[in-house]
*Asks:* 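Next up is a structure, given as structure tokens.
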Amino acid sequence: MSLEELNKLVETGETEASETAARALLAQGADPLEILDSLTKTMERVGNLFADLEIFLPEVMMAGEALTAVVNIVKPELQNTSGEPARGKVVIGVVKGDLHEIGKNIVKLMLETNGFEVKDLGYDVDPLDFIKAAEEMGADFIGASSLMTTTIPRQKEIIAFLKDKGLRDKYKVVIGGAPTSQMWADMIGADLYCEDANCAAAKMAAMLDEKTA
Ligand code: B12
């Protein structure tokens with residue numbers, strides 16, 4: 001079994017075969033991070049095929065399901081690798097009106113792998129619920145994912161509500177998702193933009209170190 005074969009199975013939405021392939025690869029000693037990284041790129045390709053009308057929504061859904069199944073298999077291999085006490089608390093979710101949760105799930109996994117405690121609010125999350133959960137958890141970060149140009153304004157609302165409530169300085173707001181950018185983060189006054197899950201874990205850890213230094 002090769003990584004290329006696994007990628008092909010996910011791309012064509014063959015969930016069970018993808019699961020079998022992922023288990024075989026891990027048994028062969030494959031690096032779980034490398035598996036996640038290459039599958040993220042495959043999902044990007046699926047997105048481009050969808051945008052070019054070469055495939056249709058059911059095929060995107062099947063690829064998404066296969067990727068999610070593989071993420072669940074890879075997950076136990078990644079957890080507790082840091083062995084350190086929680087280095088920061090994060091509330092994470094996908095903004096209101098948006099159901100794209102694959103990227104957020106990978107970010108969550110990478111944060112947990114790097115020793116963060118993560119409260120996952122799922123998808124279609126109201127801006128006020130991010131804040132409520134952060135208050136309840138005593139979070140350091142609020143992470144908001146958005147995959148559509150129509151839903152990125154919800155990230156801005158989270159920041160606006162934090163300001164209204166006098167809580168803006170209490171949390172670092174981290175944003176991500178394909179249509180977001182550093183420019184958008186600057187425009188809405190987010191504390192951090194990360195283009196992928198690896199960068200999120202590294203930059204958020206660095207931010208915490210700055211805070212405690
Ligand atoms: C998979 C997918 C779906 C799946 C979602 C399955 C699921 N359970 O999540 C299904 C089939 C359900 C779906 C539905 C729809 N989709 Co869709 N979908 C995609 C697709 C192909 C891939 C998204 C994905 O999972 N990528 C893989 C992950 C790993 O990457 P990622 O999400 O970008 O995440 C990484 C980074 O962005 C970052 N990150 C992400 N979140 C966060 C958060 C934080 C805090 C940080 C720090 C970092 C971070 O780290 C992640 C890991 O490295 C994209 C195409 C694309 N190019 O994005 C379209 C896309 C997002 N979908 C689109 C559309 C239009 C829809 C539908 C409206 C289709 C329809 N006509 O019904 C519905 C909308 C449903 C809704 N209300 O949300 C459009 C959006 C266009 C726009 N307006 O911007 C896109 C761009 C496709 C296109 N080119 O037209 N979709």
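Whatever order the structure lists them in is the order used to number ligands and atoms, beginning at 1.
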*Asks:* Ignoring hydrogens and geometry beyond distance, is a side-chain donor-acceptor pair present between Thr68 and Glu65 at under 3.5 Å?
*Replies:* no
*Asks:* At less than 4.0 angstrom from any atom of ligand 1, which residues have a non-hydrogen atom? List them by chain and residue number.
*Replies:* Thr40, Met43, Gly47, Phe50, Ala51, Leu57, Val60, Met61, Gly97, Asp98, Leu99, His100, Glu101, Ile102, Gly103, Ile106, Val107, Gly143, Ala144, Ser145, Leu147, Met148, Thr149, Val174, Ile175, Gly176, Gly177, Ala178, Cys194, Glu195, Asp196, Ala197, Ala200
*Asks:* With distance as the sole criterion, is a donor-acceptor pair present between the side chains of Asn7 and Glu11 under 3.5 Å?
*Replies:* no
*Asks:* Do Met207 and Asp191 make a side-chain contact, defined as non-hydrogen atoms from C-beta onward lying under 4.5 Å apart?
*Replies:* yes
*Asks:* For Lys41, is there an ion pair with Glu44 - N to carboxylate O distance below 4.0 angstrom?
*Replies:* no
*Asks:* If you round to the nearest 0.5 Å, how far is CE of Met62 from CD1 of Ile55?
*Replies:* 10.5 Å
*Asks:* Starting from Ile159, can I reach Met204 by hopping between I/L/V/M/F/W/Y residues whose side chains sit under 4.5 Å apart?
*Replies:* no
